[in-house]
Student: 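This is the structure I have questions about; it appears just below.
Computation of the quantities below employed the complete heavy-atom set of this structure, encompassing side-chain atoms and omitting hydrogens, waters and symmetry-equivalent molecules. Fair warning: this is a prediction, and the values are worked out from it, not measured in the lab. A note on names: the letters A, B, ... follow the listed sequences, proteins ahead of strands, and every chain is numbered from 1.
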Protein chains: 2
Amino acid sequence: MHRKMRLLSTNVLDMMKSKAFDGFLSGACLRKADKGALVFTPESGENAVFIVVSGRLRVFLSYEGREFTLAILEQGDIFSTHTRAMIEAMSHTEIMLMNTKDFREKLVAHPEISMAIVGILGDVLNSSLDAIESLVFQDVRQRLAQILIDEAEERGEKVPNGISVSLDLSTENIGLLVGASRQTTSQLINEFIRLDILEKSENRSFVIKNINALKALSRP
Amino acid sequence: MHRKMRLLSTNVLDMMKSKAFDGFLSGACLRKADKGALVFTPESGENAVFIVVSGRLRVFLSYEGREFTLAILEQGDIFSTHTRAMIEAMSHTEIMLMNTKDFREKLVAHPEISMAIVGILGDVLNSSLDAIESLVFQDVRQRLAQILIDEAEERGEKVPNGISVSLDLSTENIGLLVGASRQTTSQLINEFIRLDILEKSENRSFVIKNINALKALSRP
């Protein structure tokens, strides 16, 4: 079972430094967005592929005021505007944008790259299956435990009293990743703290003091 | 909002009749499976891409005896064994199998095809986002209404008293697509029948007598 806040393990910006990508990004344009700006919506009709150059974006589904965050995009992530998801800048953000038609033409001209893109799309698909599995089999408490475990395993840092995990998200934004309100999320975090499993740390990060207890809590 | 039983709108077998695909399937092998056979599991470690030649397969997630069906694959559908999903033959089935390494090499040699594959992966991703959206915002009753609406719109046939929809699934299998037990699914179907919205018909099909009432029931 997994519930990750990131979609990809590949940094596409790094990948694009290789010679195979020479000229691939010509014709792409840089777009900036301020914190809180809705960068794309399904209604915008814009059909483009973009790579995050700096900042963070939130990919989310929305229905009549309710929201669910699929993933957080960070530097080097690639995504398409042509899905049913909305995309919002969580900070000042720069993205490199290429329309889908140009992107497809470039792929035909650079077949090695299309293999990489097929691999990336496979990653995104697997992350979506993770989200589905977690939504079907785990409740909110289990899902919150899971996202902390997955972050610890992907990007956690050993500290004297456990593993430090820097989500750098508000309580509300953590809740939107697990399908819970801000209040419920806050109650669950306090419960994990009371159980001596978790500790709040500086700069919106946590220390997981007992990863095994957290894993036990994540099991349906 | 959507909850479709099919992943794709493209028939890959038909697509492969075009000249661009000459020789593409050389090296692929045909595999047969009997009804009920588990064709692939994440544990099998088999890394292949397959196309359904005949029969139907169920793509599902499983956790300690609980299951959720992501989609039903039919003739002309393509899928990968390299996901966290399990794949089971729902009838006598024939699939054309190619290992992922060969498949990637063929893509590099046939760049036009990789564009088609990127498009197909995009379809699969959008279907997954549909499933996530439906799981987050709809309850089981709404999701059951939704899958009947989507099937009516994709493949329904006009009949004198409404729209005929041939799911050709057992009650249990309908339940696995919406995340409900056989009993709950059966109760909901009977409720829709009592409300004069739905009628059972021959060969495991339904007639939707009042699509607008069903749409109202699907809304969260």
Student: So how far is it from A:Glu64 CD to B:Met1 CE, rounded to the nearest 0.5 Å?
Tutor: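 These two atoms lie 8.0 Å from each other.
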Student: Go through the atoms of A:His110 and report whether side chain, backbone, both or neither lie under 4.5 Å from a heavy atom of chain B.
Tutor: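 Nothing of A:His110, per the 4.5 Å heavy-atom cut-off to chain B.
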Student: Name the region of A:Ser62, side chain, backbone, both or neither, that has any atom closer than 4.5 Å to a heavy atom of chain B.
Tutor: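 When you check distances to chain B, only backbone atoms of A:Ser62 fall under 4.5 Å.
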Student: Could you tell me which portion of B:Leu135 (side chain, backbone, both or neither) has an atom closer than 4.5 angstrom to a non-hydrogen atom of chain A?
Tutor: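 For B:Leu135, the contact with chain A is made by the side chain alone.
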Student: Counting only heavy atoms closer than 4.5 Å, note whether B:Ile132 contacts chain A via side chain, backbone, both or neither.
Tutor: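 Both backbone and side chain.
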Student: Just verifying a value: how many Å separate B:Leu125 CG and A:Asn126 CG, rounded to the nearest 0.5 Å?
Tutor: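 These two atoms lie 11.0 Å from each other.
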Student: Does any heavy atom of chain B fall under 4.5 Å from the side chain of A:Gln138, the backbone, both, or neither of them?
Tutor: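 Neither part.
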Student: Any chance you could measure A:Phe60, atom CZ, to B:Glu133, atom CD, to the nearest 0.5 Å?
Tutor: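 One gets 12.0 Å once the value is rounded to the nearest 0.5 Å.
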Student: Ignoring hydrogens, what is the shortest heavy-atom contact between B:Phe137 and A:Leu61? Give both atom names and the distance.
Tutor: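 So the two residues come closest at CZ-O, 3.7 Å.
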Student: Passes side chain to side chain contact (heavy atoms under 4.5 Å, CB included), A:His2 versus B:Arg84? Steps please.
Tutor: CA-CA 10 Å; A:His2 290 291; B:Arg84 54 195 313 97; 3.9 Å; yes
Student: Rounded to the nearest 0.5 Å, what separation is found between the CG atom of B:Leu70 and the OG atom of A:Ser128?
Tutor: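 Nearest 0.5 Å value for the CG-OG distance: 10.0 Å.
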Student: If you count the non-hydrogen atoms of other residues, nucleotides and ligands that lie under 6.0 Å from CZ in A:Arg141, is the total more than 12?
Tutor: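 Not buried by this count: 12 neighbours or fewer within 6.0 Å.
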Student: Does CZ belonging to A:Arg182 count more than 12 external heavy atoms closer than 6.0 Å?
Tutor: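 Not buried by this count: 12 neighbours or fewer within 6.0 Å.
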Student: If we define contacts as heavy-atom pairs under 4.5 Å, which of B:Ala131, B:Gly179, B:Pro220, B:Ala85 has the most with chain A?
Tutor: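 Maximum pair count with chain A is reached by B:Pro220.
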